[in-house]
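Input: a single structure, listed below in structure tokens.
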Amino acid sequence: MNPAVQVRVLGPLEVHRAGRPCPIGSPLQRRLLTALAIAAGAPVAIERLIDQLWEDAPPPAARNSLQSHVARLRGLIGADAILTRPPGYALDLERVTIDAVDFELAVARARSQLEDDPAAAALTLRAASSEWRGVAHAEFAEDLARGESLRLENLRIDARGLLAEAYLL
């Protein structure tokens, strides 16, 4: 099955639905989608999402506001793309791909290929690295996504090292 929604975070946030760009204009919806993408399919608690969206100044009806933002985001990317899962919400990875998750899986696959088939490992790493379009989670790399952005950048460096090793083998 080809997922209907692609979330790209290896650079500025981009969303494609059914192969077409799907602009997410609202800053809070962009933060919400980023928070869900960082969790990579794991549920994110409502209280955590409220903290991530509004930091130190949540509105009085933050839970209702969050539900409203989730509903609007579902309207943009598809009602079935965001699951309600206790204690909060999660992206449905059967319907949504996240380029960072794909990159991480590709690096792991290349690592396992390296010794037996360095050419295949190099091919896997080049293809995975070509998906990068800038700083991971660029829009939120200084706050919401700081830790994840750094983790992905370190993985990118590791991938370059593996690629160099594959060329030497």
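The residues of the chain are indexed from 1 along the displayed sequence. As the structure is a prediction and not an experimental result, all values here were calculated from the model.
- The shortest non-hydrogen separation linking Val9 to Ala100 is CG2-CB, 3.7 Å.
- Looking at heavy atoms from C-beta onward, Leu91 lies in side-chain contact with Leu33 at the 4.5 angstrom threshold.
- Remark: Asp102 CG to Thr97 OG1 distance equals 5.5 Å, nearest 0.5 Å.
- Residues Pro43 and Pro87 form a side-chain contact, since some pair of their non-hydrogen atoms from C-beta on lies under 4.5 Å apart.
- When all heavy atoms of Glu55 and Pro58 are compared, the closest pair comes out as O-CD, 4.0 Å.
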Please report the C-alpha distance between Arg31 and Asp143 in whole Å, then the side-chain angles of each, then the deciding distance to 0.1 Å, and finally whether the side-chain contact (heavy atoms from CB on, under 4.5 Å) criterion is met. CA-CA 10 Å; Arg31 285 184 78 81; Asp143 61 348; 3.0 Å; yes
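- Cluster annotation: Ile46 is connected to Val44 through the hydrophobic network of ILVMFWY side chains, with a link wherever side-chain heavy atoms come within less than 4.5 Å.
- With a 4.5 Å cut-off on side-chain heavy atoms, Val7 and Asp99 do not count as touching.
- Arg133 is listed as a side-chain neighbour of Pro12, based on a closest heavy-atom distance under 4.5 Å.
- Applying the salt bridge (charged side-chain N to carboxylate O under 4.0 Å, His left out) test to Glu139 and every residue at least two apart in sequence or in another chain returns Arg30.
- Counting heavy atoms from C-beta on, the side chains of Gln29 and Ile77 never come closer than 4.5 Å.
- Under the rule for a side-chain contact (heavy atoms from CB on, under 4.5 Å), the partners of Ser65 that lie at least two apart in sequence or sit in another chain are Trp54, Pro59, His69.
- Remark: Asp92 engages Arg95 in a salt bridge (charged side-chain N to carboxylate O under 4.0 Å, His left out) (not counting sequence neighbours).
- The distance from atom CZ of Arg8 to atom CD of Glu14, rounded to the nearest 0.5 Å, is 4.5 Å.
- Scanning for side-chain contact (heavy atoms from CB on, under 4.5 Å) contacts around Arg151 gives Glu104, Glu148, with sequence neighbours left out.
- Under the side-chain hydrogen bond (donor to acceptor under 3.5 Å, both in side chains) criterion, Thr124 pairs with Gln113, sequence neighbours left out.
- Applying the side-chain contact (heavy atoms from CB on, under 4.5 Å) test to Ala145 and every residue at least two apart in sequence or in another chain returns Thr34, Ile38, His137, Phe140.
- In terms of heavy-atom proximity, Ser149 sits nearest to Ala136 at OG-O, 2.8 Å.
- Of the possible polar contacts, none joining the Arg85 side chain to the Ala42 backbone as a donor-acceptor pair under 3.5 Å is found.
- A pairwise comparison of heavy atoms in Ala40 and Ile98 identifies CA-CD1, 4.0 Å as the closest pair.
- With a 4.5 Å cut-off on side-chain heavy atoms, Leu144 and Leu53 do not count as touching.
- By the salt bridge (charged side-chain N to carboxylate O under 4.0 Å, His left out) test, Arg126 pairs with no residue at all, sequence neighbours left out.
- No chain of hydrophobic side-chain contacts below 4.5 Å, direct or via other Ile, Leu, Val, Met, Phe, Trp or Tyr residues, connects Leu13 to Leu10.
- The cluster map of Ile, Leu, Val, Met, Phe, Trp and Tyr, joined by side-chain heavy atoms under 4.5 Å apart, puts Leu169 and Leu162 in the same cluster.
- Note: the hydrophobic cluster containing Leu83 does not contain Tyr89 (ILVMFWY, side chain heavy atoms under 4.5 Å, direct or indirect links).
- Separation of atoms CG (Leu163) and CG (Leu168) is listed at 10.0 Å; rounding is to 0.5 Å.
- Looking at residues two or more places apart in sequence or on another chain, you find a side-chain hydrogen bond (donor to acceptor under 3.5 Å, both in side chains) between Glu142 and Arg146.
- From Leu28, atom CG reaches atom CG of Leu32 across 8.5 Å, with rounding to the nearest 0.5 Å.
- Interatomic distance, CG of Leu36 versus CD of Gln52, reported as 8.5 Å (0.5 Å rounding).
- Under the 4.5 Å side-chain heavy-atom criterion for ILVMFWY residues, a single connected hydrophobic cluster contains both Val5 and Leu93.
- A search for ring pair (Phe, Tyr, Trp, His ring centres under 6.0 Å) contacts involving Phe103 returns Trp132, not counting sequence neighbours.
- Pairs engaging residues 154-169 under the salt bridge (Lys or Arg N to Asp or Glu O under 4.0 Å) rule: Glu153-Arg156 [sequence neighbours left out].
- Residues passing the side-chain hydrogen bond (donor to acceptor under 3.5 Å, both in side chains) test with Arg111, sequence neighbours excluded: none.
- The salt bridge (charged side-chain N to carboxylate O under 4.0 Å, His left out) test applied to Arg63 returns Glu47, not counting sequence neighbours.
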